[in-house]
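Since the structure comes first, as structure tokens, the remarks are kept for the end.
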Amino acid sequence: MAEVKVPELAESISEGSIAQWLKQPGDHVEKGEYVLELETDKVNVEIISDYTGTLSEHLAEEGDTVQVGQAIAIVDENGSAAAAPKAEAPKAEEAKAEPAKAEEAPAPAPVKEAPKADTKEASSTQQVIASPAARKLAREKGIDLTQVPVADPLGRVRVQDVEAASNAPAAPAAAPKQAPAAKQAAAPVEVNDDRIEVVKMTRRRQTIAKRLVQVQSEAAMLTTFNEVDLSAVMELRSRHKDSFVKANDVKLGFMSFFTKAVIGALKKYPLLNAEIKGDHILKKNFYDIGVAVSTDEGLVVPVVRDADRKSFAEIEKNISDLAVKARNNKLGLSDLSGGTFTITNGGTFGSLLSTPILNAPQVGILGMHTIKTRPIAVGDQIENRPMMYLALSYDHRIVDGKEAVGFLVAIKDMLEDPEQLLLQG
């Protein structure tokens, strides 16, 4: 027998939910064949079998949360050969079995009694939502699942909950009080108003919600603001847009300018391109820029790799390709993993000003907004200029206000004099 396990997916992904089993018990599977679809907080991935044989058992059901490295199915590598003898049981053996049944006639009565008691216990335990691995561990340790405190917001009992319960000191009086809490968390939401529709959040939406709250509780997040006059960028785009499209088969958008400006500012203020690991700071000497893309499933942040080595045209093509893949749900884990800094553009939806939330474990995120023509004092004159508010959210644990403000001013200066961007190659 061989186990199908959840493989390593990406450094930030430690678990997923089984969205759909593609192979059922009894099905023949080939090595490298897909057996299930796993939903993670970033993308859906199909898991393959590393063995050829018969899928004999699912160790987790659809909707269960499974950890990286956890066994989720059993493949019988001799399944095709073993299946035939089972199906062709000789009648002679049945005949031999009948005398045995007669001799053992007194025994069935007590044997039948025991399963009834077990069935009652199983029915009460079955009401608790738990992963197969958690149920197995609970059986081995003799733990009642109804008395296991759970940390899962949906009330599901996981392996770590059972292990914690087995290591906890015995508290017979307190145990019954905790059981209703677990059931209550697992119960579906009920409303008495038919005008209200109850919709369960997808795993991805649950993870987004959890991480947004987590980063706000763990990081010392602050936001600083500035505004930029985009007259020079717009004039440059207007002069070169036709020749740029003809030469590169892609439009010259704003994102390449902002990406180049961000890289130039990161080189001046490297702590905004860093990461916190315990008591250490990881300074990253490469520039993988995440670009937030809104999809029907939620916000995703595909990454433009080595953006400092790319031309304006390469950046525009890369961002365009990633956005198309994101909206078609075709992003791979390699498109999403890593990233040293993120840019998000709420201006595409008309946002005038916002405070973007950090994309952990990154310590900086730049928020772009809609361009508005406003009267601006230029010398002694008042002129209408295309202005955009910029927002930088940063982790104050390693980035001080002086660096954050300087970073944003550097971006502003480069965008208002875009010839500087040519020096950021």
Side-chain angles (χ1 to χ4, degrees), residues 6 8-19 38-45 63-70 150-156 158 160-161 185 199-223 272-278 281-282 284 288-304 322-323 325-327 329 331-346 349 351 354-368 391-399:
V6 179
E8 292 287 341
L9 301 170
E11 63 175 308
S12 60
I13 297 177
S14 60
E15 63 179 21
S17 293
I18 296 178
L38 188 72
E39 181 185 7
T40 73
D41 57 305
K42 293 183 175 180
V43 293
N44 284 20
V45 293
D64 284 352
T65 297
V66 292
Q67 308 293 321
V68 168
Q70 179 179 331
V150 295
D152 191 301
L154 298 178
R156 292 179 291 200
R158 298 185 292 181
Q160 51 265 45
D161 298 323
V199 179
K200 183 179 178 180
M201 288 194 290
T202 63
R203 174 182 176 79
R204 196 164 302 159
R205 176 55 62 186
Q206 291 177 47
T207 304
I208 290 171
K210 181 176 69 176
R211 289 191 174 178
L212 290 177
V213 172
Q214 183 180 7
V215 73
Q216 287 185 307
S217 64
E218 291 182 356
M221 191 169 67
L222 289 179
T223 306
L272 279 151
N273 201 48
E275 177 184 337
I276 299 174
K277 276 278 190 183
I281 298 173
L282 307 183
K284 300 176 181 179
D288 289 351
I289 306 301
V291 179
V293 178
S294 178
T295 71
D296 293 338
E297 296 288 325
L299 195 70
V300 292
V301 187
V303 178
V304 178
L322 289 170
K325 289 171 71 175
R327 295 187 178 107
N329 201 24
L331 286 172
L333 290 172
S334 59
D335 296 319
L336 297 161
S337 59
T340 61
F341 188 91
T342 294
I343 302 173
T344 180
N345 185 5
F349 306 106
S351 173
S354 66
T355 55
I357 299 177
L358 291 173
N359 180 24
Q362 298 169 21
V363 297
I365 181 171
L366 177 72
M368 298 166 56
L392 172 71
S393 292
Y394 61 98
D395 193 336
H396 207 353
R397 289 180 295 172
I398 62 170
V399 180

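Side chains are part of it too, since the values below use all heavy atoms of this structure and drop only hydrogens, waters and symmetry mates. Numbers for residues simply follow the sequence, beginning at 1.
You'll find the side chain of Met221 reaches within 4.5 Å of the side chain of Ile357, heavy atoms only. No side-chain heavy atom of Tyr394 sits less than 4.5 Å from a side-chain heavy atom of Val363.
Annotation for Ala326 and Thr295: closest pair O-CG2, 3.5 Å, computed over non-hydrogen atoms. Minimum interatomic distance between Thr223 and Ala391 (heavy atoms only, all atoms of both residues): CG2-CB, 4.0 Å. Scanning all heavy atoms of the two residues, the minimum distance from Ala219 to Asp395 falls at CB-OD2, 3.5 Å. Residues Pro356 and Ser393 share a closest heavy-atom pair of O-OG, 2.5 Å. Nearest approach of Gln206 to Lys200, heavy atoms of both residues: NE2-CE, 4.3 Å. Heavy atoms only, all atoms of each residue included: Ala274 and Ile281 are closest at CB-CG2, 3.8 Å.
Screening Glu218, Lys210, Arg211 for a side-chain hydrogen bond (donor to acceptor under 3.5 Å, both in side chains) with Gln214, the sole residue that qualifies is Glu218.
Every residue two or more places apart in sequence or in another chain that forms a side-chain contact (heavy atoms from CB on, under 4.5 Å) with Leu299 is listed here: Ala292, Ser294. Val68 pairs by the side-chain contact (heavy atoms from CB on, under 4.5 Å) definition with Val6, Glu8, not counting sequence neighbours. Thr342 pairs by the side-chain contact (heavy atoms from CB on, under 4.5 Å) definition with Val301, Asn359, Gln362, Ile365, not counting sequence neighbours.
Here CG of Leu392 is found 6.0 Å from CG of Leu272. Values are rounded to the nearest 0.5 Å. Rounded to the nearest 0.5 angstrom, Glu15 CD and Gln67 CD are separated by 4.5 Å. The structure places CG of Asp64 at 8.0 Å from OG of Ser17, a figure rounded to the nearest 0.5 Å. Taking CG of Leu358 as the start and CZ of Phe341 as the end, the distance is 9.0 Å to the nearest 0.5 Å.
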- [ ] Please assess Val303 against Asp335 for the test side-chain contact (heavy atoms from CB on, under 4.5 Å), listing each intermediate value before the final yes or no.
- [x] CA-CA 6 Å; Val303 178; Asp335 296 319; over 6 Å; no
- [ ] Please assess Asp288 against Val304 for the test side-chain contact (heavy atoms from CB on, under 4.5 Å), listing each intermediate value before the final yes or no.
- [x] CA-CA 6 Å; Asp288 289 351; Val304 178; over 6 Å; no
- [ ] Using the side-chain contact (heavy atoms from CB on, under 4.5 Å) rule, take Val291 and Leu322 through it: C-alpha gap first, then chi angles, then the decisive distance, then the call.
- [x] CA-CA 9 Å; Val291 179; Leu322 289 170; over 6 Å; no
Open item on the list: Between Leu366 and Thr344, does the side-chain contact (heavy atoms from CB on, under 4.5 Å) criterion hold? Intermediate values first, please.
Closed with: CA-CA 6 Å; Leu366 177 72; Thr344 180; over 6 Å; no
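In summary, the side chains of Asn273 and Thr340 do present a donor paired with an acceptor at a separation below 3.5 Å, with no hydrogens or angles considered.
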